[in-house]
Amino acid sequence: MVVYLVRRLAYGVLTVFGVMLLLFVLFFGVTNPDDIARKAVGERAMPEVYVQWKKNHGYDRPMFLNTEHGVFDGRRYSDTLLFEHFRRLLSFDFGRSDNGDEPIARRLREGAGPSLSLTLPLFVLGLVLGIGIALLAAFFRETYIDRAVLLVCVVTMSVAGLLFIIGGQFLVGLLLKWFPVSGFDPNATVIARFLALPVLIGLVMGFGPDVRLYRTVFLEEMNRDYVRTARAKGAGDARVMLAHVLRNALIPILTNVVMAIPFLFTGALLLESFFGIPGLGSLTVDALNGNDFAMLRTMVYLGALAFIAGQILTDVSYALADPRVRLS
Amino acid sequence: MSAPLLEIDRLAVSFRAERGRVHVVDRVQLALAAGETLALVGESGCGKSITALAIMRLVPRPGLIEAESRICFAGRDLLSLPVAEMRNVRGGKIGMIFQEPMTSLNPVTRVGAQVEEAIRLHAKVPAGEARRRTVELFQTVGIPDSGIRVDAYPHQLSGGLKQRVMIAMAMAMQPRLLICDEPTTALDATIRAQILELIRNMATTTGAAVLLITHDFGVVNAVADRVAVMYAGQIVEEGAREELLSRPRHPYTQGLLRSIPRPEARGNRLEEIKGVVPRPGQWPQACRFHPRCPHAFDRCRSETPARTVVSPTQAAWCHLVDEEARA
Amino acid sequence: MHWLSNITVVLLVLGSVWVARSAARSRFWRESAIELWRRRRLAILVVGVFVLIALLDAISWIGGGEGVAAYQPRTIVDRIFQPDTFREASYSAPLAKVAFYGGQPLDHPGAHLLGTDILGRDVVYRALKGVRVALLIGVFTSLIVIPLALLFGVTAGYFGRRLDDGVFFVMTLLASVPSLLLLIALITVLGKGTLQVCFALGVTSWVGFCRLARGETLKLREADYVSAARALGVSDFRIMMRHILPNLAHLVIITFALTFTGLVLTETILSYLGIGIDGSWGQMIDQARNELSRTPVIWWNITAAAVLLFVLVLAVNTIADAMRDIADPRTRRETQ
Ligand SMILES: Nc1ncnc2c1ncn2[C@@H]1O[C@H](COP(=O)(O)OP(=O)(O)O)[C@@H](O)[C@H]1O
Ligand SMILES: [Mg+2]
């Protein structure tokens, strides 16, 4: 078990380095500091402005190896874009944004709260609702309840997320005037009113794939021999479903839940930007629109980091939840 | 003989198929007296497990027990019992053991807790009491270190031990009938005898009747009082063990018995029944065995055989036997 | 460029006919196809109509028009709708006789089935133009992705060891970046444009295909007939072509259908973010989203794009579901 943990962690670290390298290739190889600078200062800016901008943002270093400081000054060989890129990402010192010249760390700190206040309720409600409905559908398999659930799944999966947001805003907000159409207020008493609509729409968007997957998992478990044993000893439907099927199904479901973490991030990207919630998703969209490469780089890195951490967590909790793995 | 403990009549089970319904068990008639051990034998796929599951009303979907079927247990019609009462019967009055001990236990729950569940579903006892009884049961079924083993997970136990846990679970409420569906098929040859011995001991001490499903005549010889032979969803012959084994009347039973490898016949080629078991839905008309039967004659192809009593303790469903009996 | 597109269309059609003919020789494929047709007749017909529209909109030639149009390649759909003349000044409601704002009489009163957009373009025409873009996203991306994914997935699964470790690491790497973020990053550094977007979509969907191919190959490699073929000294290449690829085909098709709908839906998000493909339904929806808050509401633009998008995705999704049921008897029993 310990060996497994160590190996899993090591692979995670390796993946993080891979992501950093990938980002370097994308942002310093495919596009390059010259392009970035030109986009930031504009095509017609004076050459001095351009050079100064590159200097300010640390884009004026050589790419791989710095020989400017003389042969004997060994420390400075590493004063290059490549090393700087790795150093910054590893030490979480993200520097200043390309657009607006603000410290990235501060904007991340400000964005985290609003993001979480949207994604957390979405995550918890989605999980509870998804498992509950899938359990019902699996229990009533091949009846009209099951068919209706499957139909709703396939239909909601075929509608673009963008349309859910536009339609939801239009119907619930504009026509019925139940909730504010967009905006955000960190005040605890009104935050719920602003979040209700995006959470609702987020739930509908995530409903289909989750319910279908959970239902399949439940059906698979319900066909297993131990379920027959449980029935043969006199357990009722509720007991069989909750104490036996759900307990076993939670192990594969756990995997999906962590896979959903980046989805929350990306789903929130659309929701946040549309509903004017000043979270990390909005930051990413702003960065995209403002050609803020430093910010984008950071967001991709953090997103990947969150996912890799989540994956390690699933593997570990998977191992903990399943005695077959835990005790081997 | 008083009224039998279990009486099955015209039991029919069908599955939905591409067109219409396909019967996999058809007009099965069986009776089992209290304390008696009945072996149900037949080639794989002939409907033995489905018959057993039908008694428990656990036929898997989309299987359906047809309306004309009757299953009487201890004077009650199981098929018309309300669901809640049927639950009391399962595990309370009838215990069941399955073929695959490897997969029949819940993999994420400790085995002790699974046996405790069987107890607490039927008796209102405090948790401590249920656990005490579980440890006791584990001792009775011969699990060493039972106090420790109750906290083991299924994957930590060998196949034989798992089957013992299954027996403990099935016998926890001292049922009047124990159904064993090929309890030793998945086990090593070395522990088969032990498990059979255990089942027989448990049954004698509690006075339970046993319906033992098997395709192994060694098992039949070791434990059965009576034997019923099944072919293609129907009973073809039944009788007391010695009589049926020494004087089988149905050609199918004769074929089955001849195909057992016997030490004294070593060197001779095994005699086997020609042809293959037809699949459900493709059963021949009239006598279902006639295409494979060495003695088949015209009547076998045109008329369904009825039960022919050949002795007070033996009966067969066969035209040949019927003609002989008349002659 | 237009002849390139024409050649591609001809090659695609010929390729499809060839694939269909060789598939029809196998009993498994023939029976699966018949079963699929039996279960999803409507959905298949719907997809067929979409494909037809896309083909009509992919073949173009120069000449036959007036003014500037005479020197531009125009597709069959263009020739039917004559977008240069068949237009108004600005918004007009479906089948209206007068302009939406101002009330001047229209040039083509009552002729615009779904009205016109802000620039006076016919909405039916624009929505139909979106068909080709949607299919282009799916087909073009798949043409890039599936061969590469099969190459890497199958060889990694078959040969194992170093190669497998390498491919597995790349898969882990790409999978660990949330796909929308990866898309955004890729398109930002590559620049906007159809080719770039398809490439980016290809990178993000490559992992799914590759994982599938690798996993199935691992399973098939252990199968008896593959071991037997190896024992007989059949070459690795031949085993992969003869025994592994054909057994992957149905899974690849099902995954392709599901990926296709995923790609088309993702493109709408990209359009909202301003990095979508020109002429897509996503762009139509994005451009029209503020029209809903006008009074009176201008609904026809967004509705036309949304309905076509929904119908196509729903049809492909239900076909994919049916294919999955047919291919896997276990799920088939569950879903009956
Ligand atoms: N879930 C099912 N769906 C369809 N047919 C089934 C199902 N379960 C069993 N059968 C059919 O019922 C027949 C009898 O099965 P079974 O009672 O398990 O045979 P056995 O005598 O080997 O125990 C088999 O031939 C099988 O085809
Ligand atoms: Mg069986």
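Since the model is a prediction, treat every value here as computed from it, not as a measurement. Letters go in sequence order (proteins before strands), and every chain restarts at 1.
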Legend entry - Separation between CG of C:Leu180 and CG of A:Leu270, rounded to the nearest 0.5 Å: 8.0 Å
Legend entry - Over 12 non-hydrogen atoms of neighbours within 6.0 angstrom of CZ in C:Phe50: yes
Legend entry - Check: A:Leu26 and C:Leu190 side chains under 4.5 Å, non-hydrogen atoms: no
Legend entry - Which atoms of C:Thr318 approach chain A - backbone, side chain, both or neither, heavy atom under 4.5 Å: side chain
Inset, instruction - Spell out the residues in residues 153-161 of chain A that have some non-hydrogen atom less than 4.5 Å away from a non-hydrogen atom of chain C, in order of number; otherwise answer 'none'. - result: A:Val154, A:Val155, A:Met157, A:Ser158, A:Val159, A:Ala160
Legend entry - Validation row: C:Thr188, A:Arg297 side chains within 4.5 angstrom (heavy atoms): no
Inset, instruction - Tell me, for A:Leu163 versus chain C, whether the close heavy atoms (under 4.5 Å) come from the side chain, the backbone, both or neither. - result: side chain
Legend entry - Region of C:Ile302 in contact with chain A, defined by heavy-atom distances below 4.5 Å: side chain
Legend entry - C:Val177/A:Phe307 under side chain to side chain contact (heavy atoms under 4.5 Å, CB included): CA gap, chis, key distance, verdict: CA-CA 7 Å; C:Val177 184; A:Phe307 184 83; over 6 Å; no
Inset, instruction - Return the option, out of C:Ile285, C:Leu309, C:Thr266, with the maximum number of heavy-atom pairs under 4.5 Å with chain A. - result: C:Ile285
Inset, instruction - Could you look at A:Tyr301 and say if it's the side chain, the backbone, both or neither that has a heavy atom under 4.5 Å from chain C? - result: neither
Legend entry - Any side-chain heavy-atom pair of A:Phe170 and C:Arg289 under 4.5 Å: no
Legend entry - Where C:Pro178 and A:Ala304 come nearest, the two heavy atoms and their spacing: CD-N, 3.7 Å
Legend entry - Contact winner vs chain C - A:Leu305, A:Val19, A:Leu23, heavy-atom pairs under 4.5 Å: A:Val19
Legend entry - Check against side chain to side chain contact (heavy atoms under 4.5 Å, CB included), C:Ile184 and A:Leu269: CA-CA 11 Å; C:Ile184 292 176; A:Leu269 194 122; 4.2 Å; yes
Inset, instruction - Let me know which of A:Leu21, A:Thr15, A:Leu14 forms a side-chain contact (heavy atoms from CB on, under 4.5 Å) with C:Leu173. - result: A:Thr15
Legend entry - Atom pair CG (C:Leu174) and CG (A:Leu22), whose distance is rounded to the nearest 0.5 Å: 6.5 Å
Legend entry - Option in A:Leu288, A:Asn289, A:Leu296 with maximal non-hydrogen atom pairs under 4.5 Å from chain C: A:Leu288
Inset, instruction - Mind telling me whether A:Tyr11 and C:Phe168 have parallel, tilted or perpendicular rings, with 30° and 60° as the class edges? - result: tilted
Inset, instruction - Side chain from CB out, backbone as N, CA, C, O: work out which of these in C:Thr172 comes under 4.5 Å of a heavy atom of chain A, or both, or neither. - result: both
Legend entry - Structural part of C:Ile275 lying under 4.5 Å from a heavy atom of chain A: side chain
Inset, instruction - With side chain to side chain contact (heavy atoms under 4.5 Å, CB included) as the test, would you mind laying out the steps for C:Ile269 and A:Leu162 before giving the verdict? - result: CA-CA 6 Å; C:Ile269 300 181; A:Leu162 195 60; 5.5 Å; no
